[in-house]
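Worksheet: the structure to be examined is printed underneath.
It should be emphasised that the depicted structure is a prediction, and the values quoted were computed from it without experimental measurement. Atoms considered below: every heavy atom in the structure, side chains included; atoms not considered: hydrogens, waters and symmetry mates.
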Amino acid sequence: MVKHIVMWNVVGTIAAEKQRNIQLVRDCFLGLKDSIPGLISMDIGVDVSKVDYACDVVLNSEFESWEALEGYATHPAHLRVRDELSGIRIARHQVDYEVHDARDAMAGAAKT
């Protein structure tokens with residue numbers, strides 16, 4: 001399984017504008033849930049801490065394989081969302097990593 005985590009900040013000079021843009025990002029990505037082959041799960045979180053170094057929105061998704069993640073990157077529905085949100089997201093951070101089963105993770109931790 002592959003985890004794909006992306007965090008964004010969105011534009012907004014007043015709180016209401018920022019909140020509308022956060023909701024738009026959330027709605028657009030949640031709309032992809034049933035249209036991407038190999039997508040296992042997708043969750044969108046919105047920051048509540050309001051600390052100055054926090055991102056506004058996080059996408060936490062899981063894919064069956066690296067190939068499924070690559071397919072998502074070029075899938076027409078994802079590209080449509082990316083284009084629709086162009087200019088709304090002003091900062092982007094991403095982490096992709098492979099998840100091994102719990103026994104592998106515990107064995108690796110025991111070695112360190």
Side-chain angles (χ1 to χ4, degrees):
M1 177 174 56
V2 175
K3 292 277 249 174
H4 174 66
I5 301 171
V6 184
M7 296 182 292
W8 299 279
N9 285 329
V10 300
V11 296
T13 55
I14 60 172
E17 179 186 16
K18 187 176 270 277
Q19 192 57 43
R20 276 192 308 274
N21 289 334
I22 288 170
Q23 191 62 43
L24 180 59
V25 169
R26 187 176 188 283
D27 292 347
C28 283
F29 277 96
L30 287 177
L32 296 176
K33 273 188 166 181
D34 297 324
S35 60
I36 307 295
L39 175 64
I40 298 169
S41 68
M42 178 180 281
D43 181 47
I44 306 288
V46 176
D47 178 62
V48 295
S49 73
K50 304 300 181 205
V51 295
D52 61 348
Y53 52 85
C55 291
D56 297 320
V57 184
V58 62
L59 164 71
N60 186 352
S61 53
E62 297 176 335
F63 291 85
E64 293 174 353
S65 64
W66 289 109
E67 294 78 15
L69 177 57
E70 290 171 11
Y72 164 74
T74 59
H75 192 282
H78 176 249
L79 295 176
R80 186 177 58 252
V81 166
R82 185 192 65 191
D83 292 345
E84 183 175 343
L85 298 175
S86 178
I88 291 174
R89 299 170 295 166
I90 55 176
R92 183 180 189 279
H93 307 278
Q94 177 176 323
V95 176
D96 295 327
Y97 63 95
E98 192 166 347
V99 177
H100 302 280
D101 77 28
R103 291 173 298 196
D104 290 344
M106 293 177 78
K111 293 178 184 178
T112 58

Contact check, side chains of [X] and [Y], non-hydrogen atoms, under 4.5 Å:
X	Y	result
V57	R26	no
W8	L59	yes
D47	D56	no

Quiz item: With under 30° as parallel and over 60° as perpendicular, where do the rings of H4 and Y72 fit, or are they tilted in between?
Solution: perpendicular

Approximate separation, where rounding is to 0.5 Å, of [X] [atom1] and [Y] [atom2]:
X	Y	atom1	atom2	value
E62	L69	CD	CG	12.0 Å
M1	Y97	CE	OH	8.0 Å
D27	I22	CG	CD1	12.0 Å
K18	N9	NZ	CG	5.5 Å
C28	R82	SG	CZ	13.5 Å

Can you get from [X] to [Y] by hopping between Ile, Leu, Val, Met, Phe, Trp and Tyr side chains that sit under 4.5 Å apart?
X	Y	result
V95	I40	yes
I44	V2	yes
V99	V58	yes
V6	V25	yes
V11	V46	no

Testing the basics here: between [X] and [Y], what is the closest heavy-atom pair and its distance to 0.1 Å?
X	Y	value
M42	F29	SD-O, 3.0 Å
S35	H75	O-NE2, 3.1 Å
A73	L79	O-CD2, 3.5 Å
D96	I5	OD1-N, 4.2 Å
H93	C55	CD2-SG, 3.7 Å

Check whether any side-chain N or O of [X] sits under 3.5 Å from a backbone N or O of [Y] as a donor-acceptor pair, and report yes or no.
X	Y	result
N21	V10	no
H78	I36	no
Q19	A15	no

Quiz prompt | Residues, nucleotides or ligands: over 12 heavy atoms within 6.0 Å of D34 CG | solution = no

